[in-house]
Q: 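After the structure tokens below, expect a handful of questions from me.
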Amino acid sequence: MKSHESLSLIERLCLWYEVRGERILNLCGFALLGICFAIATWRIIMRTAADADPSVVTIRIAHWNLEAGVREGLEAVAREYEKICAARGKKVRIEQIPVPEQVYANWFITQLVGGTAPDLISIGYGSTDERLARFFQPFSAYIDAPNPYNAGTPLDGLPWRDTFIDGLQSAYRQELLDYYTLPYTMLTTRVYYNKAMYREMFGPNRPLPKNYEEFIALCADTVAWAKAHGKPGLLPIAGSKYNAPMITGRLLGSQTQKLSRRNNRNLTLANVAEENMLAYLRGEWDLNTPDVVSGFELMQTMIQYMQPGFVQLQREDAMLNFVQQHSLMIASGAWDRTSIEQESPFPVEVFRVPVPTPEDPKFGKFTYGALAEANSPGNGGFGLNRESPHLETAVDFYRYLTSLPGSELFTQYSGWLPSIVGARITPGLEPFRPELGGFPAGTDMNNGTESKRLWDRNFYLLAKTPEDSGPFRRSMGPDMRSAYLEDLRLIARGRWRSITRMDTPLAAFWWRSGRGAAPGNKGVVEENRPGAEAQSRRRPGGSDAEKLGELIESQNAQESLWYRYRKELAEMKK
């Protein structure tokens with residue numbers, strides 16, 4: 001047996017560990033566990049104490065946006081709002097509750113049913129009209145009054161509704177005849193590309209594609225370059241079932257622009273799902289209509305430049321493919337800008353998704369031209385929990401978030417586009433600014449729940465037979481009629497519910513405008529309830545008679561559409 005002096009350093013460490021080391025490490029582990037337990041206990045006690053402090057108003061906001069920058073942007077706005085409240089002598093704390101997108105719908109429903117929902121909740125996953133009407137307070141009582149946080153800005157004195165870029169068109173729930181959310185950002189889609197790789201392939205002077213022909217040429221040249229340089233795994237576009245439709249859907253929509261306008265009997269110059277489905281059921285178009293076949297051909301041409309099996313891949317898979325430089329481009333929205341720039345070890349720039357022009361020799365006859373982004377929907381809207389114990393404070397925070405200074409602060413930290421008129425953006429966001437010129441996109445066939453399910457079930461056939469959309473069309477065709485009938489039935493039922501739901505408010509405003517408060521009374525009626533702040537039940541800037549007129553006008557439009565849809569469906573079932 002070796003003496004202690006003859007042992008090597010490693011042998012001495014092993015001997016020490018056998019004799020004393022294991023005991024010491026165990027003690028260190030228990031000590032760390034105790035420290036963590038103490039910190040957790042302290043945080044719980046502090047939070048409980050803060051919640052128990054009646055002088056502190058806590059507003060909780062929940063969302064699923066885990067992209068880089070979003071939480072930082074909301075945090076910056078929250079801290080500034082807390083300072084403003086503190087200067088008024090009011091203690092307010094804003095807490096974020098980020099929830100992963102995959103579980104948000106279940107979490108959303110559970111919180112509402114359990115009565116534990118936050119004050120402000122992102123509307124989207126799990127947000128049916130029935131749940132909105134049952135659990136959420138509409139914003140119509142607030143949006144006609146000026147936003148006080150716009151004082152001293154170019155928006156000073158304007159009604160809150162008029163400070164949004166889209167005039168709150170995206171926020172209006174047609175079936176519910178009201179506003180259940182207000183947007184604090186806007187969505188535009190772009191093609192991101194690896195700038196260093198682009199220059200390596202094509203040099204510094206090749207311009208970015210401005211139309212479909214140039215875009216397809218870029219994809220083909222990328223494949224040729226990869227083959228010539230021994231990189232067969234390099235793809236033009238990173239695809240997934242999340243990212244691919246941002247290109248393929250726009251290409252299809254460019255070919256169905258004229259079709260959707262022909263379908264629209266209301267002459268609103270927009271793509272209306274119900275009008276497209278009714279026209280299909282009347283036999284005015286089908287999957288063999290030249291416009292539709294041309295759109296499928298465009299999609300298939302683009303699909304061949306994405307990785308095989310992309311329809312099974314998730315958003316994260318496509319992002320990893322792009323970041324690891326296995327593809328030159330990826331399609332996504334402005335909401336992913338900060339994440340992509342932070343995760344990519346190379347410079348990234350963007351361009352608009354190119355679509356065929358009317359001058360295109362093959363695809364131009366079906367399109368009006370570039371797709372307009374003037375009606376890009378406002379997004380990121382929070383709903384107002386009707387049972388919030390601090391309803392007025394939650395609304396006030398929302399006012400600051402969607403004010404000119406609040407919107408600019410959010411944009412600065414988040415890297416997202418603002419939804420407020422005149423809000424300044426950073427230079428990096430300029431390429432994402434909505435393009436106002438162009439025409440609305442046409443139908444992408446996903447006009448309802450059942451038709452989307454049918455589409456998703458058969459989409460793989462477009463990739464399986466890239467030279468022929470026939471198998472896809474033949475597989476979809478037999479079930480399209482039943483899918484559209486079911487979608488229309490669900491839409492008609494939803495409209496009928498919203499129509500009947502408005503009978504009570506209509507009667508109430510009729511009584512109040514004729515027999516209640518004096519005509520033109522613009523006061524605010526407040527209701528005090530235990531544990532809650534006074535709530536405004538009247539529009540701060542409008543009379544009951546004005547509101548009654550608006551409701552009657554909207555209700556008449558809803559009823560006329562409902563009767564028309566019901567009549568056409570009844571005739572089709574004969």
Side-chain angles (χ1 to χ4, degrees), residues 120-147 158-187 264 266-275 372-386 395 398-399 401-402 418-421 434 440-441 447-448 490-506 509 536 538-542 546-562 565:
L120 294 168
I121 318 170
S122 281
I123 299 301
Y125 300 110
S127 307
T128 63
D129 287 340
E130 185 175 353
R131 293 188 183 113
L132 289 177
R134 179 181 176 185
F135 295 106
F136 289 86
Q137 174 74 17
F139 282 95
S140 55
Y142 307 96
I143 57 178
D144 287 325
N147 186 339
L158 287 178
W160 193 9
R161 70 158 72 233
D162 294 339
T163 64
F164 294 87
I165 291 175
D166 67 349
L168 292 186
Q169 293 181 25
S170 61
Y172 186 70
R173 306 290 293 210
Q174 191 172 21
E175 290 75 15
L176 299 177
L177 307 177
D178 219 320
Y179 301 88
Y180 282 84
T181 183
L182 305 176
Y184 61 85
T185 187
M186 294 190 71
L187 302 180
N264 193 339
N266 281 338
L267 303 179
T268 57
L269 305 181
N271 175 37
V272 182
E274 295 97 314
E275 299 291 349
E373 294 178 322
N375 63 340
S376 294
N379 199 263
F382 291 107
L384 186 60
N385 180 7
R386 178 171 288 160
V395 173
Y398 214 159
R399 288 192 184 103
L401 175 62
T402 56
S419 64
I420 305 303
V421 175
N447 291 304
L490 293 173
I491 291 173
R493 185 174 67 181
R495 286 187 183 277
W496 177 248
R497 285 180 177 176
S498 67
I499 290 170
T500 56
R501 190 181 292 121
M502 290 307 297
D503 288 343
T504 300
L506 278 169
F509 277 107
S536 174
R538 291 272 308 282
R539 295 193 311 158
E546 291 172 350
K547 181 63 176 178
L548 177 63
E550 292 175 2
L551 287 177
I552 291 175
E553 182 179 350
S554 181
Q555 189 81 332
N556 287 340
Q558 292 290 324
E559 289 183 1
S560 64
L561 281 176
W562 180 80
Y565 293 158

Q: Please round to the nearest 0.5 Å and tell me the distance separating atom CD1 of I420 and atom OG1 of T185.
A: 10.0 Å

Q: State which residues pass side-chain contact (heavy atoms from CB on, under 4.5 Å) with V421; sequence neighbours excluded, sorted by chain then number.
A: L155, I165

Q: Where do G383 and I123 come nearest, in terms of heavy atoms and distance?
A: N-CG1, 3.5 Å

Q: By ring pair (Phe, Tyr, Trp, His ring centres under 6.0 Å), which residues pair with F135, not counting sequence neighbours?
A: none

Q: Between Y142 and Y398, does the ring centroid distance fall short of 6.0 Å?
A: no

Q: Could you check whether Y179 and R161, counting side-chain N and O atoms only, form a donor-acceptor pair closer than 3.5 Å?
A: yes

Q: How long is the gap from CG on D162 to CG on D144, to the nearest 0.5 Å?
A: 8.0 Å

Q: Does the pair F136 and I121 meet the rule for a side chain to side chain contact (heavy atoms under 4.5 Å, CB included), with working shown?
A: CA-CA 10 Å; F136 289 86; I121 318 170; 3.9 Å; yes

Q: With rounding to the nearest 0.5 Å, note down the distance linking CG in N264 to CD in E274.
A: 10.0 Å

Q: Where the side chain of S419 meets the backbone of P183, is there a donor-acceptor pair that is under 3.5 Å apart?
A: yes

Q: Is there side-chain contact between W160 and T402, with heavy atoms separated by less than 4.5 Å?
A: yes

Q: Taking the side chain as C-beta and beyond, is there a heavy-atom pair between F382 and L401 under 4.5 Å?
A: yes

Q: If I take atom CG from residue L384 and atom CG from residue L120, how far apart are they, to the nearest 0.5 angstrom?
A: 6.0 Å

Q: Would you check if P138 and R386 make a side-chain contact, meaning some heavy-atom pair closer than 4.5 Å?
A: yes

Q: Working to the nearest 0.5 angstrom, can you tell me the gap between I143 CD1 and F139 CZ?
A: 9.5 Å

Q: What distance do D178 atom CG and Y172 atom OH have between them, rounded to the nearest 0.5 Å?
A: 7.0 Å

